[in-house]
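Some notes on the structure that comes next.
Every chain is numbered from 1 and lettered A, B, ... according to where its sequence line falls, protein lines coming before strand lines. In this text the structure is predicted, and so the values were computed from the model without any measurement. Atom set for the values below is all heavy atoms of this structure, side chains included, hydrogens, waters and symmetry mates excluded.
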Amino acid sequence: MPQEIPKAYEPQEIEEHWAKAWYEENLFRAENSGNPKLAGDAQPRFSIALPPPNVTGSIHIGHMLEHTQIDMLVRWHRMRGERTLWLPGMDHAGIATQFVVERMLAAEGVRRQDLGREEFERRVWRWKAESGGVIKQQMIRLGASCDWTREKFTLDPALYRSVLEAFLRLHREGLIYRGRYMVNWCPRCQTAISDLEVVHNERAGNLWHIRYPVADSKEFLVVATTRPETMLGDTAVAVHPEDERYAHLVGKKVMLPLMNREIPVIADSYVDREFGTGVVKITPAHDPNDFEVGKRHNLPEIDVMTDDAHLNADAGKYAGLERFVARGRVIADLEALGLMEKITEHTHNVGTCDRCKAIVEPRLSTQWFMKMKPLADEAKKAVTGEFGPAAEIEVVPDNQRTILLQWFENIRDWCISRQLWWGHRIPIWHCAGCKEMIPATSSDVEIVDGHARAAGIPAKCPKCGSEKLAQDKDVLDTWFSSALWPFSTLGWPDDSEDLRTFYPTSLLISGYDILFFWDARMIMVGLHLAPGASEKDRIPFRRLYLHSLVRTAEGAKMSKTKGTGVDPLQLTQQYGTDALRYMLASMAAPGTDIALTEDRILGARAFANKIWNAARFLFMNLEKAEASSGITLEELAAPEIRSAAPYAVKGEGELVHRWIFSRLAATSAEVSKALDEFRFHEACQTIYHFFWGDFCDWYIEWVKPQLSSTDRDVAVPAWRNIFAVLDTALRVLHPV
RNA sequence: GGGCGGUUAGCUCAGCGGUUAGAGCGUCCCGCUUACACCGGGAAGGUCCGCGGUUCAAAUCCGUGACCGCCCACCA
C-alpha cells in the first residue's frame with residue numbers, strides 16, 4: 001500500500017495498470033485455473049466461447065454488457081476452483097466488413113472492382129489488423145478475463161480447415177446442394193443474402209391495376225401489382241380455380257402489354273379471390289410465390305434484371321434503365337395506352353438489406369443452400385429435452401425457448417453462398433468442359449501469401465478428364481463459420497486435448513438479436529458435426545442465456561456500422577471501468593433492454609468510491625493501531641487467520657460481529673444463487689446493500705472504537721474480524 | 001396474419017402469490033461525528049394501466065380491454 005492513499009478512487013491509472021498486468025502475465029490461461037489436486041474428470045470445468053465481435057471497427061457498450069456478464073460468471077467459476085476457459089476471438093463478418101471497407105474506399109473514390117479481388121482482399125486484411133487490434137486492446141482494458149493464448153479468428157488457417165471439413169462433409173451427405181432458386185438479392189452489395197438478412201419495413205406504396213387484354217376478345221383481365229416493372233417478366237396470369245368470374249378465361253391467353261407477348265391464364269389456389277381483383281400476374285423470376293406457381297405450371301422464368309438492379313435485354317425497350325426509373329416509364333406507357341385501370345394507395349412490406357439498406361430484389365439465382373429440416377428436427381429435440389436431461393439445452397429466459405422452437409418448426413433452407421470477396425471460399429471446382437462440380441480432395445489448407453487456401457485442389461475432372469477446372473468464386477455466409485465456433489476454436493476436426501476437455505461448452509451468452517443467425521445454427525451444426533457418440537457430447541453448449549440489448553437513452557439500437565455505438569473506453573475514462581461494469585451488470589435484468597443514462601453510471605461510480613474508501617479507512621487506521629496495540633498486517637491477512645474468523649471480542653459488541661458474519665454468509669449465498677440463474681442485477685443489488693448498508697454504515701461505525709482500543713484483547717479480534725469480512729466481501733464482489 | 005414483451009414513486013427501472021411495495025437519480029429538511037460531500041441522518045412522494053375472476057391472501061396467477069415496443073410471416 002502506498003503511503004498516501006488518494007481520497008477519492010482514481011480508477012484510470014489503477015485499472016489500466018492491472019489490466020495490463022493481467023494480460024502480460026497470461027493470468028487467465030485455462031491452465032492457471034482449477035484445482036491442481038483434482039485430475040481428469042474429477043476436476044470441474046467451465047468453458048465458454050466469446051461471441052466473436054465483428055472486425056468492423058471497435059466494440060461498443062453493448063459488447064461490454066455481454067463481456068461483463070460473461071466475465072462475472074467466468075471469474076466466479078474460476079474462484080470456485082473450476083478449470084475455466086473463456087476463449088476469445090473475432091469474426092471476419094464477411095458482408096459487414098466488406099461493406100465497411102468498400103465505404104472507406106468510396107471515400108477515396110475507388111470501387112472494389114477497380115482494385116481486383118486480390119488487392120481488395122489485401123486491403124481488408126489490413127483493415128482487419130487494425131480493427132482487430134483495437135478490439136483486443138479494448139477488451140483487455142475493460143478487464144475481460146479471457147485466455148488470450150487461445151485467441152482465434154474465423155479466417156485462421158485452422159478454422160478454415162474446420163470450415164472445409166464441415167462443408168465437405170455436409171456436401172457429401174447431401175445436406176449442402178447447389179441450385180437455381182429464388183433468393184434475396186442485394187443490388188448494392190451485389191450478392192445473395194439469406195432470409196434473415198432481409199429487414200422488412202412497412203412502406204406506403206401503390207397498387208397499380210393494369211389491364212391485360214384477352215387474346216381474340218375485347219375483354220380485359222385486370223391485375224393488381226405493387227411492382228409494375230416486374231410485369232416485363234410475366235409468364236402467366238393466375239386466377240383462383242373456383243373463381244366463377246374468370247372461369248371462362250382459364251386456358252386462354254392474354255396479351256402482355258408493352259412486351260406484346262402472349263401468356264396463358266392459369267388457375268392456382270394460391271390466388272386469393274378477396275384481394276385486389278382476384279387476378280395475379282405471375283413473374284416466376286422475381287417473386288417467391290410466383291416462382292412456386294411457375295414450377296407447378298411449368299412456366300418459363302424470365303429474369304429481366306441485372307446484378308445491379310437495372311433492366312436487362314429481356315426487358316425489351318426498357319433495357320438499361322434502373323428498376324425504379326423503369327417503373328415510372330412502365331406506368332407512364334401503360335397510362336398512355338389506356339391500360340391503367342386505376343391506382344390505389346397500399347402500404348406493403350418492402351425488404352431491405354440488413355447491411356446497406358438497399359431494397360432487396362427477389363431474384364432467381366444459382367446459389368449454394370443448406371438443407372435445414374433434418375438438422376432443425378434434431379436441434380429441436382435438444383432444446384425440448386427429448387434427448388434426455390444430459391443433452392438438454394436450457395434456454396434462459398424461458399420465452400426465448402418458445403421463439404427458438406417456433407423457428408426450428410418453420411425452418412427454410414439456408415442460402416450459404418455469397419458473391420463477396422471476403423470470406424471462406426467454397427471448396428468446389430467447376431469443370432469447364434462438362435460443368436461437373438468437383439469437391440476439394442481434402443480439408444487441408446495451405447498458406448499462400450500469409451493466408452489460408454484450400455489445398456486439396458482436384459487435378460482433373462473425374463467425369464470428362466478435363467484439367468480446366470476453376471474454383472467456385474463464391475464465399476460462404478459468415479455465419480457458416482460462426483456456426484462451428486464452439487468446436488472449431490478448440491481444434492476440430494482434430495481430436496485435440498482442448499476439444500476433449502472443454503467441449504461441449506458450459507454456456508453461451510449472446511444477445512437475443514442473433515438467436516437465429518448464430519445460436520440456433522450452432523445447435524444444429526454442432527449436434528450434427530461435433531464428435532461424440534451421444535447427443536450430450538455434441539451439443540455446443542449446455543445452457544444458453546440471451547441477454548438484453550443496450551439502447552441509447554432514446555431507445556435506438558446500437559451498431560458500429562451505423563455509427564450509433566457508444567465507445568466504452570470513453571466512458572471508462574470518465575467514470576472508471578469498475579463503475580461501468582457495475583452499472584451494466586446492475587441493469588442487466590433478463591428480458592428487458594437497457595437504456596443508457598448517465599445517472600446510473602454516477603451511482604455506480606459512487607459505489608466504487610465507497611469500496612475504495614472503506615478499504616482506505618482500514619489501512620489508514622491499521623497504521624495507527626500498529627502503534628497503539630502492536631497489531632500487524634501479517635497477523636490479520638494470513639489465510640489461516642482469516643478463515644478462523646469470527647473471533648470473540650472481549651466486552652460489549654459481541655453480537656455485532658456475529659451479525660455481520662451471518663449477513664456476509666447470507667449475502668454470499670444469495671449472490672451465488674443469483675449468478676447461477678443469470679440474475680446479475682440481483683447479485684449486484686445484494687452486494688451493494690451488504691457493503692454499503694451493513695458493512696459501511698453499521699459495522700464499521702460500530703467497531704471503530706474497538707479498533708482503536710489499546711486493549712489487545714479487544715483490538716486484535718476486532719481487527720481480525722473486520723479484515724476477514726472485508727476480504728470475503730471483496731471476493732464476493734470480485735466477479736463484478 | 002402469427003408470436004413475444006412492456007404499462008409500478010417526478011425520471012430510469014427492480015420486485016412477479018404472503019408482514020407497512022423497493023433501488024438509483026431527483027426533491028425537501030438536518031449534519032464538515034478523526035474512510036468517503038462520489039458522504040451521513042431523516043422526510044415527502046405510488047387507485048402497482050382499466051375491468052372481471054381464482055385465492056384466506058394478488059403489483060404478482062387466469063380472462064378481457066386499452067396504449068406502447070419488438071420479433072417472425074410469400075397475400076399480389
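If you check every strand for non-hydrogen atoms under 4.0 Å, E701(A) touches a base. Across all strands, V223(A) comes closer than 4.0 Å to no nucleic acid atom at all (heavy-atom distances). Here G205(A) lies out of heavy-atom contact (under 4.0 Å) with every strand.
Using a 4.0 Å cut-off, some side-chain N or O of K704(A) falls inside it from OP1 or OP2 of A35(B). Between K610(A) and G40(B) there is a side-chain polar atom (N or O) within less than 4.0 angstrom of OP1 or OP2.
Proximity note for D697(A) (side chain, C-beta onward) versus G40(B), A76(B), C38(B): the nearest is G40(B). Here the side chain of Y270(A) is nearest to one of C38(B), G40(B), A76(B), namely A76(B). For F275(A), whose side chain is taken as the heavy atoms from C-beta onward, the closest listed nucleotide among C74(B), A76(B), C38(B) is A76(B). Closest to the side chain of A606(A), from the set C36(B), C39(B), A76(B), is C39(B). Here A76(B) is the nucleotide among C38(B), C36(B), A76(B) with the atom lying nearest to any side-chain atom of V271(A). For R412(A), taking side-chain heavy atoms from C-beta onward, the closest of the listed nucleotides A76(B), A35(B), A73(B) is A73(B). Minimum atom distance to the side chain of N399(A) is reached by G5(B), of the listed G5(B), C39(B), C75(B). Considering only side-chain atoms of R616(A), the nucleotide from C36(B), A76(B), G3(B) that sits closest is C36(B). Distance from the side chain of H689(A) is smallest for A23(B) among the nucleotides C71(B), A35(B), A23(B). Of the candidate nucleotides A76(B), A35(B), C38(B), A35(B) has the atom lying nearest to any side-chain atom of C696(A).
For K704(A) and Y699(A), the positive end is not near the middle of the six-membered ring at less than 6.0 Å and at most 45° from its axis.
Nucleotides C61(B) and G18(B), compared at atom P, are 10 Å apart to the nearest Å. For the P atoms, the distance linking A44(B) with G22(B) amounts to 13 Å, nearest Å. Rounded to the nearest Å, the gap between the P atom of C71(B) and that of U19(B) is 38 Å. Here the separation of G40(B) from C32(B), taken at their C1' atoms, is 11 Å to the nearest Å. The gap from the C1' atom of A76(B) to that of C68(B) amounts to 31 Å, rounded to the nearest Å. Look at the C1' atom in both C62(B) and G17(B): the space between them is 13 Å, to the nearest Å.
Inspection of the T347(A) and E202(A) side chains reveals no N or O donor paired with an N or O acceptor under 3.5 Å. Judged purely by distance below 3.5 Å, without hydrogens or angles, the side chains of T667(A) and E670(A) never pair a donor atom with an acceptor atom. Under the 3.5 Å distance criterion, with hydrogens and angles disregarded, no donor-acceptor pair is assigned to the side chains of D272(A) and H240(A). For the residue pair H689(A)/D694(A), the side-chain donor-acceptor check at 3.5 Å is not satisfied. Side chains of N399(A) and Y512(A): a donor-acceptor N/O pair is absent below 3.5 angstrom, by distance only. D477(A) and W414(A) share a side-chain donor-acceptor pair at under 3.5 Å. Residues N349(A) and N201(A) bring no donor and acceptor atom of their side chains to less than 3.5 Å of each other. Of the N and O atoms on the side chains of K281(A) and T283(A), at least one donor lies less than 3.5 Å from an acceptor on the other residue.
Ion pairing of K295(A) with E301(A) is present here, as a side-chain N (NZ or NE/NH1/NH2) and a carboxylate O approach within less than 4.0 Å.
As a whole-Å value, the separation of N349(A) CG from C71(B) C1' is 13 Å. Straight-line distance from the NE2 atom of H200(A) to the P atom of G1(B): 17 Å, rounded to whole Å. For the pair I687(A) CD1 and A23(B) P, the computed distance is 18 Å after rounding to whole Å. Spacing between atom CZ of F607(A) and atom C1' of C36(B) amounts to 13 Å, rounded to whole angstrom units. The separation between L405(A) atom CG and G2(B) atom C1' is 16 Å, rounded to whole Å. Across the protein-nucleic acid pair, I611(A) atom CD1 and A35(B) atom P stand 18 Å apart, rounded to whole Å.
Comparing V279(A) and T402(A) against RNA chain B, the residue whose closest nucleotide sits nearer the 5' end is T402(A). The nearest heavy atom of RNA chain B to F516(A) and to A608(A) marks one nucleotide each, and the one closer to the 5' end goes with A608(A).
Secondary structure note: stems in RNA chain B built from 3 or more consecutive Watson-Crick or G-U wobble pairs under 3.5 Å occupy B:1-7 with B:66-72, B:10-13 with B:22-25, B:27-31 with B:39-43, B:49-53 with B:61-65.
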N/O-N/O pairs, protein side and nucleotides 13-19 of chain B side, under 3.5 Å:
residue	atom	partner	partner atom	Å
A14(B)	OP1	T592(A)	OG1	2.4
A14(B)	O3'	H681(A)	NE2	3.4

Distance-only donor-acceptor hits, side chain of residues 515-522 of chain A, under 3.5 Å, sequence neighbours excluded:
residue	atom	partner	partner atom	Å
W518(A)	NE1	S482(A)	O	2.8
D519(A)	OD1	S510(A)	OG	3.2
D519(A)	OD2	S510(A)	OG	2.7
R521(A)	NH1	F517(A)	O	3.1

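Residue Y688(A) is tested with W692(A), F691(A), F690(A) for a ring-ring contact (aromatic ring centres under 6.0 Å, His included); the sole match is W692(A).
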